[in-house]
Amino acid sequence: MAIRIYNTLKREKKAFKPVKEGRVGIYFCGMTVQDRPHLGHMRAFVVGDAVRRFFEFSGYEVNYVQNFTDIDDKIIDRSIREGTDWRKIGERYIEEYFRASDRMNLKRATFYPRATQHIQEIIEIVSLLEKKGIAYEREGNVYFDVTRFQGYGKLSGKKLEELVSGARVEPDPLKKNPFDFALWKAWKEGEPYWYSPWGKGRPGWHIECSAMSTHYLGQPFDIHGGGEDLIFPHHENEIAQAEAARDKPFVNYWLHVGYVKLAGEKMSKSTGRFTAIADLLERYDPNAIRLYLLQTHYRSPIEYSEENLMQAQRAWEKIEVFLSRFESAEPPSVEPPASFVEAMEDDFNTPRALGALFEGMREANTFLDAGDEERARSTYGEILVMLGVLGFKPQEKAETAIDEIMEILLEVRKKLREEKNYAVADLIRGRLQEKGIILEDTPEGTRWRRGTR
RNA sequence: GGCGGCAUAGCCAAGUGGCCAAGGCGGCGGUUUGCAAAACCGCUAUUCCCCGGUUCGAAUCCGGGUGCCGCCUCCA
């Protein structure tokens, strides 16, 4: 069976066909680096990561491109407000992004292009649009004439007339039509600039993605992803720019990730209502956060709440406990169960895939309890593959002083238990639990782990 | 005002015409244990927001209603 993807443009789920057999080009809209990365960003990127890993698992060679838009109005605003160089603002949040990305075990993209490093490609596509009479220059600004692109609105399902009637945009006297958007913005005192055929200036918002995605992946390319909030105007405008400039389709599959909501409303940078991923990582295991994000299908909204995160944290601990039972076992090379693969092939249905994973755990435990080590190990191998495809990475236990101390403590406690001094043995266990260390007495001896209970 | 989405157990969440409505968290009972923990077994939605309709049969399709959310402005 083939991978089926829901395409926002067609509003249907369809079997994936790559532009080039055996390869897939994915452009995932990254951040405009004007503020800290939050849980909403992370949701989109975790989904992108799982999609990418599943393609790789399915035998595709994946070219994964994720941009940083490092020049725009908000970055300039912030730079002026803080009195910091605009480049430093971008660097700050890009660094924070990579720290979070690594802790979340997001596989590194093939390329991380930045708008400011592709000014040349941007100028080329704007020039092309101007030559064709689709873009026009006004006082050093270049605008895209939306009436010159037939398909305008096809992604977001909007019609130009409807947009105009419900317009909330400030009428700009330089624009022919209020929905024309800036491809190039003329320089203003105190702002960064690059030289262009239209004088000093800088790129508008949407153009960098049209320029960079096709630069790295060709046109058309396979999959363009991002948060749902990018559908309009960002992705709509990307389509207009790329297709009008080159008279060929831009993207074959549009994949959009649902919102993370905060107290019933959308989490958003612009309102300041967001939960920074770095703050969350201080309180939760990155795998628990990933589990929390993947237990809902990517197109449905997720409600942010500490309780839901706690549930995911517990579920993740269940997985860790499971893995610790097999620590010494050499995992065999196996295929994951069909139910898992089918779930993922069906528009990346990670909740169903996780169902298969948990069922596998139960089976493996049952085999192990029954003494059927061979089947237990084989099922354990399947679990490892599934965890890997979904991008989970159990924390490696670093050998530290605490291990040595625990060893001594467990030895002493063993003596106490042999002497049936349960009161003191239980005291040790109870006090350790208060500090987040759980003891488990098994017939083979006592294990310890970090956990909430 | 225009367009779109969602409503499934205490909580999270799959399921889009037909075996007992996946799975996770929580709870209850049991096996096991010195007691716990972990693990396993059983129970925890006779019913899928409400009202009609189509059908032999619907959570799933159609019509109406209610509630919540999103986009139309910067946003993953």
Side-chain angles (χ1 to χ4, degrees), chain A residues 11 28-32 34-35 37-48 66 72-74 77 153 156-159 161-170 179 205 225-234 236 256-261 264-271 274 291-292 295-297 299-303 305 307-319 321-322 324-325 339 343 346 349-359 361-362 364-366 368-370 417 420-423 425-426 429-430 433 438-443 446-449 451 453:
Chain A
R11 280 147 211 258
F28 214 88
C29 262
M31 296 178 59
T32 301
Q34 60 180 31
D35 212 331
H38 61 63
L39 188 58
H41 296 115
M42 198 43 69
R43 181 184 189 192
F45 301 144
V46 163
V47 167
Q66 185 178 315
D72 92 326
D73 295 357
K74 295 237 166 144
D77 288 350
S156 54
K158 299 186 186 307
K159 294 190 178 75
E161 315 85 71
E162 288 166 357
L163 281 171
V164 174
S165 65
R168 278 196 269 164
V169 280
E170 301 268 324
F179 281 90
W205 177 33
E228 213 179 355
D229 47 355
L230 295 177
I231 294 173
F232 190 91
H234 188 56
E236 192 69 63
H256 288 103
V257 180
Y259 297 119
V260 175
K261 298 197 298 173
E265 285 173 34
K266 194 186 131 195
M267 191 174 281
S268 170
K269 258 192 309 205
S270 50
T271 56
F274 65 81
L291 184 63
Y292 163 74
Q295 71 180 0
T296 302
H297 184 79
R299 281 191 280 114
S300 303
I302 294 185
E303 181 69 43
S305 82
E307 195 202 331
N308 298 350
L309 247 351
M310 266 316 294
Q311 288 186 6
Q313 178 76 38
R314 296 229 176 87
W316 173 252
E317 282 170 20
K318 183 191 179 109
I319 293 173
V321 169
F322 169 82
S324 71
R325 291 193 85 183
S339 57
D346 184 11
N349 195 323
T350 54
R352 235 162 72 206
L354 285 167
L357 190 149
F358 280 103
E359 278 175 4
M361 285 200 337
R362 198 189 61 236
N365 275 322
T366 304
L368 198 64
D369 288 349
R417 294 179 67 219
K420 300 209 189 298
N421 189 345
Y422 295 122
D426 288 354
R429 187 173 61 196
Q433 182 169 10
I438 309 300
L439 298 191
E440 296 179 2
D441 295 319
T442 74
T446 302
R447 280 197 303 259
W448 71 276
R449 62 184 169 90
R453 53 165 182 175

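Lettering follows sequence order; numbering is per chain, from 1. Computed from a prediction, not measured in an experiment: that's the story for all the values here.
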By nearest nucleotide on RNA chain B, pick out whichever of A:A44 and A:N365 is the more 5' one.
A:N365
Taking CD from A:E317 and P from B:A39, how many angstroms apart are they, rounded to a whole number?
11 Å
Do A:K318 and A:M361 have side chains that approach each other closer than 4.5 Å (heavy atoms only, starting at C-beta)?
yes
Could you tell me the separation between the CD atom of A:E440 and the P atom of B:A36, rounded to a whole number of Å?
15 Å
Which one, B:C71, B:C74, B:A14, comes nearest to the side chain of A:S300?
B:A14
Pairwise side-chain contact, A:V46 with A:Y292, heavy-atom cut-off 4.5 Å (strictly under)
no
Look at A:K74 together with A:D77 and state whether they make a salt bridge at an N to O cut-off of under 4.0 Å.
no
Separation between the P atoms of B:G57 and B:G64, rounded to whole Å
23 Å
Taking any heavy-atom pair under 4.0 Å as a contact, classify A:R362: base, sugar-phosphate, or nothing.
sugar-phosphate
Expressed in whole Å, how much space separates the P atoms belonging to B:G52 and B:U60?
14 Å
Nucleotide opposite B:C43 in a Watson-Crick or G-U pair, distances under 3.5 Å
B:G27
Could a donor-acceptor pair under 3.5 angstrom be found where the side chain of A:D426 meets the base of B:G34?
yes
Side-chain heavy-atom pair A:H297, A:T350 within 4.5 angstrom cut-off
no
When the P atoms of B:C61 and B:C48 are considered, how many whole Å apart are they?
15 Å
Please report, rounded to the nearest Å, how far the P atom of B:G15 is from the CG atom of A:D346.
7 Å
Which of these nucleotides, B:U73, B:A76, B:C11, is closest to any side-chain atom of A:Q311?
B:C11
Mark yes or no for whether A:D346, through its side chain, and A:N349, through its backbone, hold a donor-acceptor pair below 3.5 Å.
no
Roughly how far apart, to the nearest Å, are B:G70 and B:A76 at atom C1'?
14 Å
The nucleotide from B:A76, B:A14, B:C12 with an atom nearest the side chain of A:M31 is B:A76
Kindly say whether, by distance alone, the side chain of A:D441 makes a donor-acceptor pair under 3.5 Å with the base of B:C35?
yes
Choose from B:A37, B:G24, B:A76 the nucleotide whose nearest atom is closest to any side-chain atom of A:K266.
B:A76
Under 4.0 Å, heavy atoms only, any strand: does A:P233 hit a base, just the sugar-phosphate, or nothing?
sugar-phosphate
Rounded distance in Å - CZ (A:R429) to P (B:U33):
15 Å
Heavy atoms, side chains only, cut-off 4.5 Å: are A:C29 and A:H234 in contact?
yes
Checking base pairs now: Watson-Crick or wobble, both atom distances under 3.5 Å. What partners B:C6?
B:G67
Any-strand Watson-Crick or G-U partner of B:A14, both distances under 3.5 Å:
none
Applying a 4.0 Å non-hydrogen cut-off, can you work out what A:G30 is touching in the nucleic acid: base, sugar-phosphate, or nothing?
sugar-phosphate
Nearest to the A:T366 side chain among B:A37, B:C40, B:C25, which nucleotide is it?
B:C40
When the distance from CG of A:N308 to P of B:C12 is rounded to whole Å, what number comes out?
6 Å
Nearest-nucleotide 5' precedence on RNA chain B, A:G157 against A:D72:
A:G157
So A:V321, base contact, sugar-phosphate only, or nothing? Heavy-atom distance under 4.0 Å.
sugar-phosphate
Report yes if some heavy atom in the side chain of A:E440 is under 4.5 Å from a heavy atom in the side chain of A:V321; otherwise report no.
yes
When you compare the side chain of A:I302 with that of A:N308, does any pair of heavy atoms fall below 4.5 Å?
no
So A:Y259, base contact, sugar-phosphate only, or nothing? Heavy-atom distance under 4.0 Å.
base
Minimum-distance nucleotide (side-chain atoms of A:E359 versus B:A37, B:G23, B:A76):
B:G23
Distance criterion of 3.5 Å, no angle test: do you see the side chain of A:K158 paired donor-to-acceptor with the base of B:C3?
no
Suppose we call a contact any N or O donor and acceptor under 3.5 Å apart; does that hold for the side chain of A:E307 and the base of B:C11?
no
For A:F358 and B:C25, what is the distance between atoms CZ and P respectively, to the nearest whole Å?
6 Å
For A:R314, report the nucleic acid contact type (base, sugar-phosphate, nothing); a contact means any heavy atom under 4.0 Å.
sugar-phosphate
A:Y422 stacking on B:G34: centroids under 5.5 Å, ring planes under 30°?
yes
From C-beta outward on A:N349, which listed nucleotide comes closest to its side chain: B:A37, B:G15, B:A76?
B:G15
At under 4.0 Å between heavy atoms, what does A:G226 touch on the DNA or RNA strands: base, sugar-phosphate, or nothing?
sugar-phosphate
Searching all strands shown, indicate the nucleotide that pairs with B:G1 (Watson-Crick or G-U wobble; both distances under 3.5 Å).
B:C72
Applying the Watson-Crick and G-U wobble criteria at under 3.5 Å, what pairs with B:G34? Answer none if nothing qualifies.
none
Sticking with atom C1', work out how far B:U73 lies from B:G53, rounded to a whole angstrom.
42 Å
Of the candidate nucleotides B:C74, B:C41, B:A76, which contains the atom at the shortest distance from the side chain of A:K74?
B:C74
Using the C1' atom as the point on both nucleotides, what is the distance between B:C12 and B:G4, in whole Å?
25 Å
If you only use heavy atoms from C-beta on, which nucleotide in B:A14, B:C74, B:C40 is closest to the side chain of A:R352?
B:A14
Answer with base, sugar-phosphate or nothing: what part of the nucleic acid does A:M310 contact at a heavy-atom distance below 4.0 Å?
nothing
Under 4.0 Å between any heavy atoms, over every strand shown, what does A:D229 touch: base, sugar-phosphate, or nothing? Just pick one.
base
Go through B:A39, B:C74, B:C12 for me and flag the one nearest to the A:K318 side chain.
B:A39
Give one of base, sugar-phosphate or nothing for A:H297, where a contact means two heavy atoms less than 4.0 Å apart.
sugar-phosphate
Within this structure, what is the OG-CZ distance for the pair A:S324 and A:R449, rounded to the nearest 0.5 Å?
7.5 Å
For A:F45 and B:A76, give me the distance from atom CZ to atom C1', rounded to whole Å.
5 Å
Reckon A:S156 touches a base, only the sugar-phosphate, or nothing at all at heavy-atom distances under 4.0 Å?
nothing
Could you please name the partner base of B:G52, counting Watson-Crick and G-U wobble pairs only when both distances are under 3.5 Å?
B:C62
Checking all strands, does A:V260 fall into the base, sugar-phosphate, or nothing category for heavy-atom contacts under 4.0 angstrom?
base
Report which part of the nucleic acid A:L439 touches: base, sugar-phosphate, or nothing (heavy-atom distance under 4.0 Å, all strands).
base
For A:F322 and B:C25, give me the distance from atom CZ to atom P, rounded to whole Å.
14 Å
Between B:A13 and B:G18, how far apart are the C1' atoms? Round to whole Å, please.
24 Å
Contact between A:R43 and A:T296 at the side-chain level, heavy atoms closer than 4.5 Å - yes or no?
yes
Interatomic distance at C1', B:U44 relative to B:A36, whole Å
24 Å
